[in-house]
Amino acid sequence: MDANEILDYCLAKKGVTESFPFDNETLVMKVGTKMFLLMALEKQPLSINVKTDPEWSAELREQYPQITGAFHMNKIHWNSVMADGLKRDLIFKLIDQSYELVFKSLTKKAKEEISSS
């Protein structure tokens, strides 16, 4: 899996925008005004940070050495995911959950605007 596949997958979701608010190497994907994925474009192997349900995070970290608490982020809610060695379906599932968790946290008005776009 490469960065373009992840980018295309994210941009196909409603209300998603991309930006570089921190530096020229860290791509941030947002739904509404909130981040749901960060991707270090220059780092190899490919790594993303996604928001994950805390209970599932614990299971994932035990099961996969490629999944760890996200550096510089709340490690209860955010995971760093090294794409190498993980199935594409799992990566897409992690992205989907991150998007959904962040979407649910938006205001009712923001959710309605995104849903109707």
Side-chain angles (χ1 to χ4, degrees):
M1 175 161 282
D2 67 22
N4 287 326
E5 287 178 274
I6 291 172
L7 178 62
D8 291 344
Y9 188 78
C10 291
L11 289 174
K13 297 181 174 299
K14 282 191 168 235
V16 171
T17 58
E18 59 180 305
S19 64
F20 290 89
F22 305 117
D23 56 39
N24 293 333
E25 298 171 5
T26 307
L27 176 64
V28 174
M29 306 302 291
K30 293 181 180 180
V31 56
T33 59
K34 295 187 176 188
M35 298 186 302
F36 74 94
L37 182 139
L38 292 90
M39 182 168 36
L41 297 176
E42 301 298 319
K43 188 175 178 185
Q44 290 299 322
L46 179 63
S47 176
I48 61 173
N49 286 359
V50 289
K51 193 166 191 175
T52 314
D53 174 80
E55 288 182 23
W56 194 35
S57 284
E59 291 175 34
L60 290 165
R61 291 175 193 174
E62 286 178 19
Q63 192 172 359
Y64 301 100
Q66 302 96 321
I67 300 176
T68 59
F71 189 63
H72 286 306
M73 301 183 86
N74 183 330
K75 290 167 183 45
I76 294 171
H77 298 281
W78 286 86
N79 282 317
S80 286
V81 179
M82 297 287 220
D84 280 2
L86 292 178
K87 292 185 179 181
R88 127 195 250 104
D89 290 346
L90 176 59
I91 294 169
F92 287 156
K93 188 174 179 180
L94 288 163
I95 293 169
D96 290 343
Q97 184 178 87
S98 186
Y99 175 89
E100 290 300 323
L101 287 169
V102 173
F103 182 82
K104 287 180 194 176
S105 74
L106 297 174
T107 64
K108 182 178 178 181
K109 181 181 178 186
K111 286 189 248 185
E112 288 173 354
E113 288 173 359
I114 291 167
S115 295
S116 66
S117 65

Quick one: pull up CE in Met1 and CG in Asp84 and give me the separation to the nearest 0.5 Å.
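The CG atom of Asp84 is 11.5 Å from CE of Met1, to the nearest 0.5 Å.
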Separation of Glu25 CD from Lys43 NZ (nearest 0.5 Å):
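Taking NZ in Lys43 and CD in Glu25, the distance rounds to 11.5 Å.
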Any residue meeting side-chain contact (heavy atoms from CB on, under 4.5 Å) with Asp89, in chain and number order, not counting sequence neighbours
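Not a single residue meets the side-chain contact (heavy atoms from CB on, under 4.5 Å) criterion with Asp89.
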Just do the side chain to side chain contact (heavy atoms under 4.5 Å, CB included) check on Lys34 and Leu106 with the steps written out, would you?
CA-CA 8 Å; Lys34 295 187 176 188; Leu106 297 174; 3.9 Å; yes
With sequence neighbours left out, write down each residue that passes side-chain hydrogen bond (donor to acceptor under 3.5 Å, both in side chains) with [X], or none if nothing qualifies.
X: Asn79; answer: Thr52, Ser57, Arg61
X: Thr33; answer: none
X: Ser47; answer: none
X: Lys13; answer: Asp96

Checking Phe22 now: which residues fulfil ring pair (Phe, Tyr, Trp, His ring centres under 6.0 Å) with it, not counting sequence neighbours?
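Ring pair (Phe, Tyr, Trp, His ring centres under 6.0 Å) list for Phe22, sorted by chain: empty.
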Aromatic ring pairing Tyr9/Phe92, orientation class (parallel under 30°, perpendicular over 60°, tilted between):
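The rings of Tyr9 and Phe92 lie parallel, inter-plane angle below 30°.
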Pair Glu5 + Arg88: basic N to acidic O under 4.0 Å:
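Judged by the 4.0 Å cut-off on N to carboxylate O distance, Glu5 and Arg88 do form a salt bridge.
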Any side-chain heavy-atom pair of [X] and [Y] under 4.5 Å:
X: Tyr99; Y: Val50; value: no
X: Trp56; Y: Lys93; value: yes
X: Asp53; Y: Gln97; value: yes
X: Val81; Y: Tyr64; value: no
X: Cys10; Y: Leu37; value: yes
X: Lys14; Y: Ser115; value: no
X: Leu7; Y: Met29; value: yes

Can you tell me if Lys51 uses its side chain to pair, donor with acceptor, with the backbone of Phe36 under 3.5 Å?
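Side chain of Lys51 to backbone of Phe36: no pair is present.
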Let's go through Asn24 and Leu41 carefully: what are the C-alpha distance in whole Å and the side-chain angles of both, what is the deciding distance for side chain to side chain contact (heavy atoms under 4.5 Å, CB included) to 0.1 Å, and is it a yes or a no?
CA-CA 9 Å; Asn24 293 333; Leu41 297 176; over 6 Å; no
